[in-house]
2 protein chains.
Amino acid sequence: MEAKKNTVEKICEMQTALDILGGKWTFLIIYALLDGKKRFKELERAVTGINTRMLVKELKNLEDHQILTRTAFATVPPTVEYSLTDKGRDLEATMKYLYKWTKDWM
Amino acid sequence: MEAKKNTVEKICEMQTALDILGGKWTFLIIYALLDGKKRFKELERAVTGINTRMLVKELKNLEDHQILTRTAFATVPPTVEYSLTDKGRDLEATMKYLYKWTKDWM
DNA sequence: TACAATAGTGTACCTACTTGCAAAAGTAAA
DNA sequence: TTTACTTTTGCAAGTAGGTACACTATTGTA
């Protein structure tokens, strides 16, 4: 009963994380940013299949949760850079193992 | 351009994995099974907040993709055990790092 | 003069995920 | 006799997540 209770608790904690990360595109966006900052259009090209609307929405979501930062430059046409915070970059291990699993099993 | 192309490819591959794993409850169910097989009701209690309908659906989904196996026993009342396959258990590292991140940042 | 480029916004729509509730079967225990 | 237990399924309904497409501003280039 002891170990079981711990599992339940852990699952509850993870639910809060997955509320943020569990979207259809969230992991992919973070993964795309692991190798450095990217501009909006670069992300749109990197994450195949996503549309503008969802990318905007997800970026806002991730910024709200301090997983990435947004930096806008007043150029013409405008330039905006997105890059992971420490919190975001700390998902690297998770992402790498997820990719490894994908390679091994899919 | 070279490294970038690789990222795009990796993201495409991961999309196929996330099509299976990306549900609201999927990760949590797998996490619950990491420490051994569980019966249906045990899972329902472990994954706080899930309802019967979704659990059935997700278990079927995961079984279809060989991430877990279902074993039914003709007892009364019926007993059904779910346990991870090798493919499923191989998500352990991913899950553990995800939990670690949760603990560190949430 | 027309077009391309960037980073979005506005509007409208849609469907698929998710939920709630009730019911089945058969035995054991109160 | 009634209730409880387990593993589902059926039905009906709701909501949020996701999609499509057009449009803005400003400058440089062909």
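What you see below is based on every heavy atom in this structure, not just the backbone, and it leaves out hydrogens, waters and symmetry mates.
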*Under a 4.0 Å N-O cut-off, is there an ion pair linking B:Lys41 with B:Glu44?*
yes
_Nearest-angstrom distance from the residue atom CZ of A:Phe40 to P of C:dT6_ = 11 Å
*Looking only at N and O atoms, is any donor in the side chain of B:Arg70 or the base of D:dT7 less than 3.5 Å from an acceptor on the other one?*
no
_Pair A:Asp90 + A:Lys87, salt bridge at N-O below 4.0 Å_ = no
*Would you kindly compare A:Val80 and B:Lys57 by the position of their nearest DNA chain C nucleotide and give the one closer to the 5′ end?*
A:Val80
*Of A:Val76 and A:Gly22, whose nearest nucleotide on DNA chain D comes first from the 5' end?*
A:Gly22
*Rounded to the nearest angstrom, tell me the gap between atom NZ in A:Lys38 and atom C1' in C:dA7.*
17 Å
*asked:* Categorize A:Tyr82 for me: base, sugar-phosphate, or nothing, with a 4.0 angstrom heavy-atom threshold over every strand shown.
replied: sugar-phosphate
_Distance in angstrom units between B:Ile50 CD1 and D:dT7 P, rounded_ = 14 Å
*For the side chain of B:Arg39, starting at C-beta, report the closest nucleotide among C:dG26, C:dA7, D:dT7.*
D:dT7
*With DNA chain D as reference, determine whether A:Pro78 or B:Thr52 sits nearer its 5' end, using the nearest nucleotide of each.*
B:Thr52
*asked:* For a quick test of reading the model, state the closest non-hydrogen atom pair linking A:Thr102 to A:Leu98 and the distance between them.
replied: OG1-O, 2.8 Å
_Which residues pass the side chain to side chain donor-acceptor pair (under 3.5 Å) test with A:Glu13, not counting sequence neighbours?_
B:Tyr99
*To the nearest angstrom, how far is A:Glu42 atom CD from C:dT6 atom P?*
9 Å
*Measure from the side chain of B:Asn51, starting at C-beta and using heavy atoms only, and say which of C:dG20, D:dT19, D:dT9 lies closest.*
C:dG20
*If you take atom types as modelled and just measure distance, does the side chain of B:Arg53 reach the base of D:dG10 with a donor-acceptor pair under 3.5 Å?*
yes
*Just to confirm, is there a sub-4.0 Å distance from OP1 or OP2 of C:dT19 to any side-chain nitrogen or oxygen of B:Lys24?*
yes
